[in-house]
Amino acid sequence: SHGVSVPSSSVTIRLIRVELDSGGVEVLATSLIDSIYPANISSDLYHQRWGHEEGYKHLKIHAELQN
């Protein structure tokens, strides 16, 4: 079995709990930890960005960039 090398540095993240209209809960992780980014704005920005992320995923699959 091969070991996995993990860097010794740490990363600070912020977890944001979002209650969905459906009654479910979403937890978002972000590196934007400064208090100038309120949780409700972070959730809105995440959802606005989602379409772009899905677009990149489809481009990578089409171009087989992972290979």
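Residue numbers start at 1 and run along the sequence shown. The model shown is predicted, which means the values in this text are computed figures rather than measured ones.
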- [ ] Determine whether more than 12 heavy atoms belonging to other residues, nucleotides or ligands lie under 6.0 Å from atom CD of E54.
- [x]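 Count over threshold, so yes.
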Open item on the list: How close do I33 and T30 get, counting heavy atoms only, and between which atoms?
Closed with: CG2-O, 4.4 Å
- [ ] Would you give the length of the straight line joining atom CG of L28 to atom CZ of R14, rounded to the nearest 0.5 angstrom?
- [x] 10.0 Å
